[in-house]
Amino acid sequence: MRNCMSLNKTIAVLAGDGIGPEVMHQAVRVLEKLNQSEKLGLTLAYADVGGAAIDKYGEALPRKTLEICQTSCAILFGSVGGPKWECLPPEKQPERAALLPLRKHFQLYANLRPAKLYPELAHASPLRTDLAAKGFDILVVRELTGGIYFGQPKGIYTCENGEKKAVDTLVYHEHEIERISHVAFRAARARRKKLTLVDKANVLESSQLWRSIVRTLSTQYTDVMVDFLYVDNAAMQVIRRPWDFDVLLCENLFGDILSDELAAITGSIGMLPSASIADGSFGLYEPAGGSAPDIAGKDIANPIAQILSAAMLLRHSLGLEEQAAKIELAVDAVLKLGLRTADIWQEGTQLVTCSQMGSAIVDALEL
Ligand code: NAD
């Protein structure tokens, strides 16, 4: 198991496709500025991934790229995929052939998806104005490697009478629930100390196991307030009173759906970072959105999700809390100044390009 809060400060930088290289360039500028002024000793190791790697080497995750990731303490990932590679067989397509193997190889079982509505961007949220005005800051902690997506048996079978039946299996082992619950408790402890387990314990056996494990672990985290919410109710409550939630702990399927619902009510996918972490401090950090081929190459993408992903990396994989906070404060500062990329622009604010937004954030870093 790797522990990166020590000597190895190499970050694997995998920009990928579409807007990936454009937004990654801005995140790298931010990291380099901090590295230089604070003598952090970071090394950035660049590698090809996704469609770009298919074009060069014939595969989405070349061995050389994997080796660079293995000798790094974290991966800063852009995004992969695009129309050019959609004709490939599904298992060779960039997302399936690059991201999934990386998750599996590094056992990235905990997906952290912050969903924050900045007061300055309340207009971009589809929530009713009086609800959006209150803002919110929620962290979804989603189990990423178990549950119904992976359980066996799985398949479409033909019954004796010729009728077809489809089977998916929802299975969780105790240790899988325990390790992700610890991640969620620790995250809550570092935030507003509230943890909500989202489940379907009125129907699902697996949810009952989740509840009992979370209840037991809560005795180790007495400073964290714990409650439980059925997933159907949670889907409503996060829209009615999002400010009431701090950390939402979800099994894989529920987390997949709820994190996208929350992303939607923040108004722009271009603002949202994410982390997929393993035991120890290794993690893969990437924007919540994809490669956005519709706006790629135009210097109009929002680089903030990628820049905030770099902040998450500094915090979780390198223990550089102060520097992570500096990046987040710099983002807050440029939003307060009224700078906006096209996806979050509104009348009365200043429209800037991707690179201008990057420059403004670099300038706003309080060094
Ligand atoms: P997408 O997130 O790329 O784009 C959805 C919409 O959001 C588009 O209108 C896009 O312009 C906009 N958007 C996304 N990021 C933005 C940003 N930073 N700034 C401004 N606007 C932004 O999703 P999609 O269109 O469904 O997928 C496009 C490609 O990305 C596909 O090939 C898909 O497979 C891939 N994808 C990759 C990842 C990943 O690498 N993790 C994730 C999702 C999708």
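Here, residue 1 is the first one in the sequence, and each next residue gets the next number. Remember, it's 1-based here, ligands and their atoms both numbered in the order they're listed. All of these numbers come straight from a predicted model, not from anything done at the bench.
Heavy-atom proximity to atom 11 (O) of ligand 1, evaluated over L99, D294, V23, is greatest for D294. Comparing G51, S291, P303, S276 against atom 31 (C) of ligand 1, the shortest heavy-atom distance belongs to S291. When the options I295, I304, I344 are ranked by their closest heavy atom to atom 22 (C) of ligand 1, first place goes to I295.
At a 3.5 angstrom cut-off on N or O pairs, E86 does not count as close to ligand 1. Annotation: A292 places an N or O atom under 3.5 Å from an N or O atom of ligand 1; distance criterion only. Distances between N or O atoms of G82 and those of ligand 1 include at least one value under 3.5 Å. Considering both main-chain and side-chain atoms, S79 never comes within under 3.5 Å of ligand 1 through any nitrogen or oxygen pair.
Contacts between I19 and ligand 1, counted as non-hydrogen atom pairs separated by less than 4.0 Å, involve the side chain only. Contact annotation for P293 and ligand 1: only side-chain heavy atoms (C-beta onward) come within less than 4.0 Å of the ligand. Both the backbone and the side chain of N302 come within 4.0 Å of ligand 1, counting heavy atoms alone. By the criterion of a heavy-atom distance under 4.0 Å, neither the backbone nor the side chain of Q93 is placed next to ligand 1.
Among protein heavy atoms, atom 6 (C) of ligand 1 sits closest to I269 CG2, 4.8 Å.
Side-chain atoms of R29 and Q26 include a donor-acceptor pair closer than 3.5 Å. No side-chain N or O of S291 forms a donor-acceptor pair with one of D17 less than 3.5 Å apart.
Here the side chain of E176 pairs a donor or acceptor atom with the backbone of H173 at under 3.5 angstrom. A distance-only check finds no donor-acceptor pair linking the side chain of T341 to the backbone of A301 [under 3.5 Å].
Using a cutoff of 4.0 Å between basic side-chain nitrogens and carboxylate oxygens, K200 and D232 are scored as salt-bridged. Between R142 and D256 there is a salt bridge, since a side-chain N of the basic residue sits under 4.0 Å from a carboxylate O of the acidic one. The residues K116 and E328 are annotated as not salt-bridged, no charged nitrogen and carboxylate oxygen being separated by less than 4.0 angstrom.
Taken to the nearest 0.5 Å, the CG atom of L253 stands 9.5 Å off from the CG atom of L258.
Less than 4.0 angstrom separates atom 27 (O) of ligand 1 from none of the non-hydrogen atoms of the protein.
Heavy-atom contacts of D343 reach the following atoms of ligand 1: 20 (C) (cutoff under 4.0 Å). Within the listing of ligand 1, atoms 32 (O) sit less than 4.0 angstrom from a heavy atom of G81. Interface atoms of ligand 1 facing G270, defined by a heavy-atom separation under 4.0 Å, are 17 (C), 18 (N). Residue G289 approaches ligand 1 through these ligand atoms, each under 4.0 Å from one of its heavy atoms: 2 (O), 42 (C). For ligand 1, the atoms lying closer than 4.0 Å to a non-hydrogen atom of G290 are 1 (P), 2 (O), 3 (O), 30 (O), 36 (N), 37 (C), 38 (C), 42 (C), 43 (C), 44 (C).
Each of V224, D227, V226 was scored for a side chain to side chain contact (heavy atoms under 4.5 Å, CB included) with K194, with one residue passing: D227. Each of I277, V183, N252 was evaluated against Y109; a single residue qualifies, V183, per the side chain to side chain contact (heavy atoms under 4.5 Å, CB included) test.
In this structure, Y285 and H316 have parallel ring planes: the angle between them is below the 30° cut-off, well short of the 60° mark.
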